[in-house]
Amino acid sequence: MKLSEPYKIQCLIPDLPEPQEILPYLEEMHAARWYSNFGPLNSRFEAAMKSFICEGAGGPDFEVVTFTSATTALEAALRSLELREGARVLIPTLTFPATATAVINAGFVPILADVDADSWEMLPHHARETIAKQSVDVVMPVSAYGKPIPTAEWDHFVADTGIPVIADTAAALGQQPVGKHIHLAFSLHATKPFSVGEGGLLVTPDAALASRSKSWSNFGFSGPHGVISQIGTNAKMGEYYAATGLVQIERWPQVKARRQTVLDMYRDALAPLGNRIKLQESANTFIPATFVVHTGGQAPQIGKTMAEAGIHTRFWYLPPLYEHPALEGLVSGIDLTKAFPVTEELKNSLIGLPFHVFLSQQDVDDIVATLTQIL
Ligand SMILES: Cc1ncc(COP(=O)(O)O)c(C=O)c1O
């Protein structure tokens, strides 16, 4: 196949409601002539999200605030901690660049930590090792590829050290338990399993932080008098997106079941490859947002062969943060192989196989057959 031709099998196809499913909410919105500024649909979506998150996970009381994206939700939470300019925020090397840009846009400095070889996440022990050597003001773990972060362990870390944790759980909505101390930012972008097209959520047990974050998303206004009490921005979710979110909550059981079916097809098809392919740790306890596998250093070759066979793969979260030209300054003078040995190994091993609800058994068999040619 010529590389200019469209792929036979796409890596990711968003799964959003049909327009007619959203229409009743849009008619309601239009009748009220209220399209943004924390309108009735946004309030309903925030309230419905509270029960949705409880049902999926259980746990203590918390606030839900909508945003334009996970990136703005992360920035809002960081700013609302009211730390000094230049505060140091520990983040993993293996993540989407927005984890780092949110920190920088909030006026803080990202400090990089390596990830775990099996879960591909930065874990509490990485944070403990770093704070033993240098000062860290905030820790931002990432739910890698949608794998829920260990809530109880991070809660324990906050209780123990007093260092706040704002987790970038962008891809884990519907599967990530909430904690007693940690703040969570979710993405509702089209590429995420629970998507409204574009949007984000902050989920926090801290009502004051929720309120400052919400005010920041609305130019810094607080109270009824039309005055700003902080320098905010405009990061409010509009009513069109809230309408889609209300439908997505209704659709979630089917969305989840279809994603599980595709995952099961992969598990069966990959089984004969044995340990030539490694899945993310605890892969049988959650449904990933993107299906990334470890190929023992063969990811570039697999990507090429797949493309020639018309199969689209993605190197999600790669290159590592420190290889992005805009972020290279974070590691100047550091020996990368010594500082980040796991990431250095993972960067040629991880590859995202096609994963979405429109894949057929035949597609999965073709993908795995192509993989088998190389492994
Ligand atoms: C780990 C991670 N953080 C942040 C984001 C950004 O989310 P959003 O597009 O909602 O800003 C993404 C999106 O892919 C992500 O994967």
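Both ligands and their constituent atoms are indexed starting at 1 by order of listing. Heavy atoms only: backbone and side chains are in, while hydrogens, waters and symmetry mates are out. Quick caveat, the model's predicted, so the values are computed rather than measured.
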From CA spacing to verdict: side chain to side chain contact (heavy atoms under 4.5 Å, CB included), Thr66, Met49: CA-CA 10 Å; Thr66 53; Met49 256 299 150; over 6 Å; no

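Between the side chains of Ser349 and Glu345, at least one donor-acceptor pair of N or O atoms lies under 3.5 Å.
Within the structure, the closest approach of Thr95 to ligand 1 falls below 4.0 Å when heavy atoms are considered. For Tyr317, the closest heavy-atom approach to ligand 1 falls below 4.0 Å. Under the 4.0 angstrom criterion for non-hydrogen atoms, Ala102 is not in contact with ligand 1.
For ligand 1, the polar-atom distance check against Asp168 finds a nitrogen or oxygen pair separated by under 3.5 Å. Geometrically, ligand 1 and Leu188 share no nitrogen or oxygen pair separated by less than 3.5 Å.
For Phe194 and Phe186, the distance between ring centers is not under 6.0 angstrom. Aromatic ring centroids of Tyr241 and Phe45 lie 6.0 Å or more apart.
Ring planes of Phe355 and Phe291: tilted class, angle from 30 to 60°.
Looking at Thr71 against ligand 1, both its backbone and its side chain come within 4.0 Å, counting heavy atoms.
Contact atoms of ligand 1 toward Gly199: 10 (O) (distance under 4.0 Å to a heavy atom of the residue). The distance from ligand 1 to the heavy atoms of Ser69 drops below 4.0 Å at these ligand atoms: 8 (P), 10 (O), 11 (O).
Shown are Thr370, Leu353, Val364, Ile367; of these, the side-chain contact (heavy atoms from CB on, under 4.5 Å) with Ile9 is made only by Ile367.
Regarding atom 13 (C) of ligand 1, its nearest protein heavy-atom neighbour is Lys192 NZ, 3.1 Å. If you check which protein heavy atom lies closest to atom 5 (C) of ligand 1, you get Phe96 CD2, 3.5 Å. When hydrogens are left out, the protein atom nearest atom 10 (O) of ligand 1 is Ser187 OG, 2.7 Å; that is the closest non-hydrogen contact.
Shortest non-hydrogen contact noted between Ile149 and Glu121 is CG2-OE2, 3.9 Å.
Listed by chain and residue number, Pro300 satisfy the side chain to side chain contact (heavy atoms under 4.5 Å, CB included) test with Asn348 (two or more places apart in sequence, or in another chain).
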